[in-house]
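Step one of this worksheet: look at the structure below.
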Amino acid sequence: MTQVRTRMAPSPTGEMHVGSMATLLKNYAFAKKYGGQFILRIEDTDKVREVEGGVAAIQEIIHRYGLDWDEGPGKGGEFGPYIQSERLGIYKEKVQDLLEKDKAYYCFCSKERLASVKEEQMANKQAPHYDRHCRSLSKEDAQKRVAAGEEYVIRLKVPEDQEISFTDLLRGEITFNSNLIDDQVLLKSDGYPTYHLAVVIDDNLMKISHIMRGEEWISSTPKHVLLYQAFGWSVPVFAHIPLFLNPDGKGKMSKRKGTVSAASFLEKGYLPEAMLNFFMILGWAKKDQEEIISLDEYIQEFEPSDLSSNSVAFDLKKLDWLNGVYIRKLSFGQLKEKIKPFIAREFPAEKIDQVLPLIQERLVTLADFNQLTKFFYSKINYEADLLLKKADSKELVVEELKQTIELLESLSIWSLHNLEEGIRGLQEKKDWHRGQFFMMLRIAVTGEKATPPLFETMMVIGKELVIFRLKEAINKLA
Ligand code: GLU
């Protein structure tokens with residue numbers, strides 16, 4: 001079997017999309033499965049759309065997701081450089097090959113001419129395409145104009161009426177008629193290659209065996225196949241991966257419906273391990289249907305041909321569930337480390353060791369920390385009516401509060417044991433309605449209906465503040 005070499009080829013034009021990260025994971029896992037290499041290549045030939053710091057951001061986000069590449073920027077490798085803007089000489093040389101083989105031609109059409117051709121085609125309800133005006137220029141004429149310094153691009157000479165086929169691991173054989181394909185620009189007037197030229201040259205020179213990329217590139221693939229053929233190169237295996245749909249299942253996942261960048265999900269408090277696991281089960285299932293999958297298990301089992309060719313929704317409920325599962329798997333030390341960036345400045349740092357175990361069960365994302373812990377330190381706010389739920393009378397509630405305060409004040413040692421024994425004893429002795437009493441107490445102490453276990457919570461809040469809050473509750477009822 002040929003050496004498996006996969007690649008991810010992002011362009012530094014903005015933050016990496018979760019869909020790209022999911023595709024990257026597939027390329028990574030497939031290479032690992034077969035003991036091959038996963039290559040990171042930066043496709044930065046569109047200097048207009050490039051964003052500052054884009055290349056570094058790509059590398060950083062891959063690392064934050066816990067993944068890495070075998071060859072690429074910062075790593076080197078036998079087939080470098082791995083940044084396309086550093087490979088311009090290679091593209092120029094290769095494109096000469098195509099000119100010599102008569103598979104490509106110089107085009108001197110001005111922007112104005114191209115615009116008017118397009119306008120006319122549109123007016124005639126034709127799909128805009130290059131009218132092949134320069135295709136018939138003789139090589140000698142073209143050379144003379146180049147030598148005279150005229151501006152040019154180089155275009156692919158797309159053969160007429162030819163069937164172009166390629167195999168897609170998800171969809172089987174796909175065939176396009178070449179008449180539908182424009183004479184694509186390969187080399188731009190600024191000497192930069194277009195995506196189509198650079199991607200084919202690099203995938204070939206970097207010995208990429210399998211190309212797994214988003215399905216939005218399917219329509220580009222016949223152009224690439226033509227280029228492989230023009231160069232006389234063998235065509236790699238393709239797998240075009242369906243795009244994610246928005247969480248509501250409608251339309252492809254887009255910024256207008258919420259966050260889409262791989263970084264933003266980490267900033268919202270999703271764990272990279274949970275994100276990766278989520279990517280794994282979108283459109284693919286393990287043979288035993290288990291949904292919690294480690295990276296190693298995925299590497300062992302993943303096959304691109306088992307991927308669904310249907311788009312699936314980016315189901316946030318499922319992601320929340322998975323994230324909770326992964327949060328609960330963390331050791332105390334791991335959670336403490338990971339949650340650090342999410343902790344509000346006002347949170348009393350000395351309480352973290354006591355608080356974390358109390359809320360670990362209830363965290364959906366790391367960012368939930370503040371919402372779940374606010375009442376431990378900041379002023380609480382709630383409707384007085386909440387204190388009266390299920391109560392026979394306001395007077396009784398006030399009585400319950402007063403006696404609880406008295407009890408707490410009498411405790412010489414503020415311990416979980418004393419709290420539990422004292423308060424439970426009081427409730428039983430007085431025969432107060434248990435549900436009513438403890439719900440009322442929870443509200444008075446925390447302002448919330450759902451909290452970690454009450455006595456543990458009281459322990460953390462401390463005697464002084466608990467008593468203060470119980471007195472406040474009495475005031476609220478006055
Ligand atoms: N540079 C392209 C992108 O930004 C790569 C597409 C491909 O994988 O061929 O997605």
Side-chain angles (χ1 to χ4, degrees), residues 4-31 37-51 53-59 61-62 67 69 71-73 79 81-88 90-91 156 166-171 174 184-186 188 192-228 231 233 235-244 252-255 260-263 279 304 307:
V4 170
R5 288 175 57 84
T6 61
R7 53 53 162 194
M8 190 69 197
S11 300
T13 50
E15 284 200 298
M16 195 187 272
H17 193 286
V18 276
S20 302
M21 191 58 85
T23 300
L24 188 150
L25 170 67
K26 294 173 178 69
N27 279 287
Y28 172 90
F30 190 63
Q37 290 85 36
F38 169 62
I39 288 101
L40 177 66
R41 181 175 70 232
I42 304 292
E43 301 207 328
D44 61 341
T45 57
D46 187 345
K47 289 294 170 192
V48 181
R49 291 181 54 222
E50 185 163 338
V51 297
V55 178
I58 289 170
Q59 299 180 62
I61 192 62
I62 299 172
L67 301 174
W69 51 97
E71 296 170 25
F79 304 95
Y82 294 89
I83 299 187
Q84 288 189 328
S85 59
E86 294 170 14
R87 300 171 60 82
L88 300 183
I90 300 175
Y91 309 123
L156 178 65
F166 59 92
T167 304
D168 181 286
L169 289 180
L170 278 63
R171 298 170 181 76
I174 299 181
Q184 216 66 60
V185 174
L186 300 176
K188 297 182 268 191
Y192 271 78
T194 56
Y195 157 68
H196 303 297
L197 179 70
V199 80
V200 169
I201 292 178
D202 287 348
D203 283 338
N204 176 266
L205 294 183
M206 296 178 184
K207 299 199 183 318
I208 302 303
S209 61
H210 295 74
I211 295 180
M212 271 181 261
R213 60 182 169 198
E215 70 181 353
E216 71 271 32
W217 300 104
I218 286 191
S219 60
S220 298
T221 307
K223 298 167 194 168
H224 301 172
V225 172
L226 278 177
L227 274 167
Y228 281 102
F231 279 117
W233 294 336
V235 181
V237 178
F238 291 97
H240 289 94
I241 317 230
L243 301 173
F244 293 142
K252 76 172 187 178
M253 197 175 170
S254 78
K255 266 192 205 154
V260 294
S261 80
F279 296 152
L307 282 167

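Note that ligands are numbered from 1 as they come in the structure, with each ligand's atoms numbered from 1 the same way.
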Within 4.0 Å of some non-hydrogen atom of Trp217, the atoms of ligand 1 are 2 (C), 3 (C), 6 (C), 10 (O)
| Min side-chain heavy-atom separation Lys188-Thr194 under 4.5 Å | yes
Open item on the list: Determine whether Val18 and Phe279 satisfy the following criterion, side chain to side chain contact (heavy atoms under 4.5 Å, CB included), listing intermediate values before the conclusion.
Closed with: CA-CA 9 Å; Val18 276; Phe279 296 152; 4.1 Å; yes
The single option from Tyr195, Trp217, Phe231 that satisfies ring-ring contact (aromatic ring centres under 6.0 Å, His included) with His224 is Tyr195
Nearest non-hydrogen protein atom to atom 9 (O) of ligand 1, with distance, is Tyr195 OH, 2.6 Å
Paired with Phe238, the side-chain contact (heavy atoms from CB on, under 4.5 Å) test is passed by just one of Arg213, Arg171, Met212, namely Arg213
So the atoms of ligand 1 within less than 4.0 Å of a heavy atom of Glu43 turn out to be 1 (N), 2 (C), 5 (C)
The side-chain contact (heavy atoms from CB on, under 4.5 Å) partner of Tyr82 among Leu40, Asp202, Ile39 is Ile39
(message) Is the shortest side-chain heavy-atom distance between Leu67 and Leu24 below 4.5 Å?
(response) yes
heavy-atom search around atom 4 (O) of ligand 1 in the protein gives Ser11 OG, 3.1 Å
Atom 5 (C) of ligand 1: closest protein heavy atom, distance to 0.1 Å, is Ala9 O, 3.2 Å
(request) Look only at interatomic distance and state if Pro10 has a nitrogen or oxygen under 3.5 Å from any nitrogen or oxygen of ligand 1. (result) no
Near Arg213 (heavy-atom distance under 4.0 Å), the atoms of ligand 1 are 7 (C), 8 (O), 9 (O)
Check: Would you say the side chain of Gln184 lies within less than 4.5 Å of the side chain of Leu227, judging by non-hydrogen atoms?
Finding: no
A student checking ligand 1 against Val199 at a 4.0 Å heavy-atom cut-off should list atoms 9 (O)
Do any heavy atoms of Arg7 fall under 4.0 Å from ligand 1?
yes
